[in-house]
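The structure appears below as structure tokens.
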Amino acid sequence: MPYDHRNTARRTLALALAAAGCCAALAGCAASQASPPSGKAQGAQGSQGSQGAQGTQATQGESGAQSRPPFASPSAPRPTRSPLPASPASRSLAGRTVVIDPGHNSGNFRYSAEINKKVDIGTVRKECDTTGTSTDGGYTEASFTLDVSHRLRDLLTARGAKVILTHDGDRPWGPCIDERARIGNSARADAVVSVHGDGSASGNRGFHVILPAKVRAGSADTAKIVTPSRTLGERIVERFARATGTSPANYIGSGTGLDVRDDLGGLNLSTVPKVFVECGNMRDPKDAKLFTSATWRQKAAQGLADGIATYLQG
């Protein structure tokens, strides 16, 4: 506070009383030092050095003369805020590479000349890409596949996998089917999954997984990937049905949820295990209702992720 020039006598008396208090405190300190410390005080001083005063307070608290201070005792470790370690299951796909291929592209409608150019798929020459199908309400296959692919990417990344998308809606059209295959091959992917929605007749319901046939023609040679791709497909059928509550297609695959084809460039040109997943029939009203549900799309992504993980973990 600022100096007060009034009431000097009162201030002199206060100073005298303060000085007397200090003398008494010093005398008490001297007496304390002269007397031998208790065993607990010695232990506190021996183990904590300069924190002996806190050790004395703790001893007084235990004797009932003074309550324990509200803070932790010096010997107790202070709590830390370090993050919890990730569980082993959450990193079960560490070191694995998965390529996700979102079928088609929303921009393909505006680039018919580009996507209609033929590319070599080994057995024949085929269009670069197509527009894909849609529900009767106008929800496009390309929108669906990109949405599910994003969800799938997040689920796999959370498990430690390295995930690559063949496209992320960031290009005006494509990529062509041969480029999609090369992306998986160049990444040396442990698994490639191409996400799709079928465009069959109303009344045809359910999902199916397309597997590569054994093809050896031109630049196509699937001999090494036929068996692992089938295993990948079987795991996805099991887990997709469980996660989504939907059944294998009632119009293809004889109820197995599996179909084998030799006319898809994305499969023919692949050198790594790869499958196409038709998540349902977008032209059927009941299946279409599922496709347009964000909740169901998350279930679809979960089923794909679980199937891929089961395959990669053997």
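Residue indices begin at 1 and follow the sequence shown. All values derive from a computational prediction rather than experimental measurement.
When every heavy atom of E127 is checked against every heavy atom of V119, the shortest pair comes out as O-CG2, 4.3 Å. Minimum heavy-atom separation, D262 to N268: O-ND2, 2.9 Å. Of all non-hydrogen atoms in M282 and A288, the two that sit nearest each other are O-CB, 3.7 Å. Shown here for V98 and A161, the closest heavy-atom pair between the two residues is CG2-CB, 4.5 Å. Taking all atoms of both residues into account, the shortest heavy-atom contact from D190 to Y311 is O-CE2, 3.7 Å. Of all heavy-atom pairs between S149 and I100, the closest is OG-CG2, 3.4 Å.
For the atom pair D284 CG and R205 CZ, the distance stands at 5.5 Å (nearest 0.5 Å). We find the SG-CD1 distance between C128 and I121 to be 12.5 Å, quoted to the nearest 0.5 Å. Atom OG1 of T131 and atom CG of N116 lie 9.0 Å apart (nearest 0.5 Å). Distance check, rounded to the nearest 0.5 Å: NZ of K274 to CZ of R180 gives 8.5 Å.
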Side chain to side chain donor-acceptor pair (under 3.5 Å) between H150 and D168, intermediate numbers included: CA-CA 9 Å; H150 284 162; D168 197 9; 2.4 Å; yes
Test log, rule side chain to side chain donor-acceptor pair (under 3.5 Å), inputs T130 and H104: CA-CA 6 Å; T130 63; H104 311 287; 3.2 Å; yes
Residues D129, C176; criterion side-chain contact (heavy atoms from CB on, under 4.5 Å); working and verdict: CA-CA 5 Å; D129 203 1; C176 293; 5.7 Å; no
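Among S229, S194, P212, the one residue that satisfies the side chain to side chain contact (heavy atoms under 4.5 Å, CB included) test with L267 is P212. Partner of F291 under the ring pair (Phe, Tyr, Trp, His ring centres under 6.0 Å) criterion, out of Y139, F144, F207: F144 alone.
Of the possible polar contacts, none joining the R297 side chain to the V148 backbone as a donor-acceptor pair under 3.5 Å is found. Between the side chain of N108 and the main chain of I115, no donor-acceptor pair closer than 3.5 Å is present. At distances below 3.5 Å, not a single donor-acceptor pair connects side-chain atoms of D198 with backbone N or O atoms of E278.
Cluster membership check: V237 shares its hydrophobic cluster with F240, using side-chain heavy-atom separations under 4.5 Å among Ile, Leu, Val, Met, Phe, Trp and Tyr. I236 is connected to W296 through a chain of hydrophobic side-chain contacts under 4.5 Å among Ile, Leu, Val, Met, Phe, Trp and Tyr, so both are in one cluster.
Using a 4.0 Å cut-off between a side-chain N of Lys or Arg and a carboxylate O of Asp or Glu, D306 and R235 do not qualify as a salt bridge. Comment: R261 engages D263 in a salt bridge, judged by a side-chain N to carboxylate O separation of less than 4.0 angstrom. Taking a cutoff of 4.0 Å between a charged side-chain nitrogen and a carboxylate oxygen, E141 and R283 do not qualify as a salt bridge.
D259 pairs by the salt bridge (Lys or Arg N to Asp or Glu O under 4.0 Å) definition with nothing, not counting sequence neighbours. Under the rule for a side-chain hydrogen bond (donor to acceptor under 3.5 Å, both in side chains), D120 has no partner lying at least two apart in sequence or in another chain.
Residue R188 places its CZ atom among 12 or fewer non-hydrogen atoms of other residues, nucleotides or ligands, all under 6.0 Å distant.
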